[in-house]
Number of protein chains: 2
Amino acid sequence: MTEIVVPTDAREETRARIEQAALDLFTAQGFEAVTIDEVADAAGISRRTFFRYFGTKADAVWGDFDGHVVRLEAMLAATAGSQSVLASICAAYVEVNDYDDAALPTLRQRMRLILTEPALLAHSQVRYGDVDRVVAAHVARRTGVPPDALVPRLVATSTRAAATTAFEMWLADVRLPLARALHDAFDELAAGFPSLR
Amino acid sequence: MTEIVVPTDAREETRARIEQAALDLFTAQGFEAVTIDEVADAAGISRRTFFRYFGTKADAVWGDFDGHVVRLEAMLAATAGSQSVLASICAAYVEVNDYDDAALPTLRQRMRLILTEPALLAHSQVRYGDVDRVVAAHVARRTGVPPDALVPRLVATSTRAAATTAFEMWLADVRLPLARALHDAFDELAAGFPSLR
DNA sequence: GACCGTAGTGACACCGAGTGCCACCGGCAA
DNA sequence: TTGCCGGTGGCACTCGGTGTCACTACGGTC
């Protein structure tokens, strides 16, 4: 059993170095074409050590996604009861994805890989499952139905579908702000696709 | 390069035998716990031959999903222009999943694996991408916007999310007909989640 | 200073998925 | 019979991922 160790001071620097090396190599040559040995070499560590920082090859692309989910959960819990459930989810998604400009290039790099490379797209389903559970729990809390009932599950999966689509639109158009893309997608969804008449 | 060969008469029987062996072993012991060698042994073929029928271990679970997508596409094309776009997608989903009772146990087995086993859940994302493209093209045709615009993409991903959720509800409740589960989910989605007020 | 435990690392061996290559066997046409 | 050809099995190899062990560095404790 391989343990992912708790990050300490200097350790975080190594982790960041591996992550950046992986991101750069994957972007340049494609995810499948790069071996773990090459990433490890580029980061100045051994192959075995790579797996002490990231459980799988795909994990190196996702950064601290667990933290991301935890933040989303906190933001959902902090939303005002006065706004609609869908609006609260949209607000949380926007807030949790409110990166400052310096972080945007890396985010683009990350998301382009995740949405483009089949192996990473596949892996994303597992990660998004965590998001769905958090959102479904929020909807269940707000509506008073069990989290595994139709509406919480459906709201969770379809809002996540909306967020993913928003990311795709954001990726395709450099001038479209992420928050705007998210709002556009959520507005369509919340209104039952009014543009379809 | 391994080619997936065209099915001929007796060949299809071997394929079915491998598929059933795989389904049974995966159900009994879990997807990860079963090796290709074991599936090959159970099906009376060699490991190498397994990969001549199925490109990956996961593919053995999916059956003829490409044909499924082709049928969905045909049904979308055949829907009446008089009903709403969402209704036409729902109708196509219901029709393409209208299995006769004898096929239901295998479908349950298949879907339980796909929705339960992380590796298969991951693989599903790639398969669903094909579905999304077909649905987005249909929406684009009906609305006159490009298939990579927001609405076609969003409708494709969120209807697929609805269908997946419907499958989950169907799996969890033996007495719920699949068509009913699909309609319930699509109704919620089309109305912008009225139960959220 | 010698003695510890502990965290991080590298090296090695191993497993399983997937692929390329070649040799074999059956049927079938010339 | 000969030669071709589709399907197959065996083999070797790559690569992702895991368990194990030995080495080093460091921070106390006596």
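Computed from a prediction, not measured in an experiment: that's the story for all the values here. Chain A is the first sequence line, chain B the second, and so forth, proteins listed ahead of strands; every chain is numbered from 1.
- The pair A/Glu19-A/Arg110 meets the salt-bridge criterion, with a side-chain N (NZ, NE, NH1 or NH2) lying under 4.0 Å from an Asp/Glu carboxylate O.
- Counting heavy atoms from C-beta on, the side chains of A/Trp62 and A/Ser124 come closer than 4.5 Å.
- Surrounding CZ of A/Arg108 are more than 12 heavy atoms belonging to other residues, nucleotides or ligands, all under 6.0 Å away.
- For B/Phe51 and D/dC11, the CZ to P distance is 17 Å, given to the nearest whole Å.
- Between B/Phe186 and B/His183, the ring centre distance reaches or exceeds 6.0 Å.
- Among the heavy atoms of the strands lying under 4.0 Å from B/Val34 are primed sugar atoms or P, OP1, OP2 only; no base atom is included.
- In this structure, B/Ile36 places its CD1 atom 16 Å from C1' of D/dG9, rounding to the nearest Å.
- With rounding to whole Å, A/Glu12 atom CD is found 18 Å from C/dA7 atom P.
- Whole-Å rounding puts the A/Arg15 CZ to C/dG8 C1' distance at 16 Å.
- Judged as a salt bridge (Lys or Arg N to Asp or Glu O under 4.0 Å), and not counting sequence neighbours, the contacts of A/Arg127 are A/Asp59.
- The shortest side-chain heavy-atom distance between B/Val139 and B/Ile89 falls under the 4.5 Å cut-off.
- The interatomic distance linking B/Asp37 (CG) with C/dG16 (P) rounds to 8 Å, in whole Å.
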Review item, nucleotides 10-12 of chain C N/O atoms under 3.5 Å of protein N/O:
residue	atom	partner	partner atom	Å
C/dG10	OP2	A/Ser46	N	3.0
C/dG10	OP2	A/Ser46	OG	3.0
C/dG10	OP2	A/Thr49	OG1	2.4
C/dG10	N7	A/Arg52	NH1	3.3
C/dG10	O6	A/Arg52	NH2	2.7

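- Residue A/Tyr99 is grouped with residue A/Leu182 when hydrophobic side chains (ILVMFWY) are merged at heavy-atom distances under 4.5 angstrom, including chains of intermediate members.
- Spacing between atom NZ of B/Lys57 and atom P of D/dG16 amounts to 18 Å, rounded to whole angstrom units.
- Taking atom CD of residue B/Gln29 and atom P of nucleotide C/dG16, one finds them 13 Å apart after rounding to whole Å.
- With pairs defined as Watson-Crick or G-U wobble and both atom distances under 3.5 Å, the stems of at least three pairs that touch DNA chain C come out as C:1-30 with D:1-30.
- Using a 30° and 60° split on the angle between ring planes, A/Phe50 and A/Phe54 fall in the tilted class, from 30° to 60°.
- Distance, B/Leu120 CG to C/dA17 C1': 14 Å, rounded to whole Å.
- Residues A/Val134 and A/Val70 have side chains not in contact (no heavy-atom distance under 4.5 Å, counting atoms from C-beta outward).
- OP1 or OP2 of C/dG8 has not a single side-chain nitrogen or oxygen of A/Tyr53 nearer than 4.0 Å.
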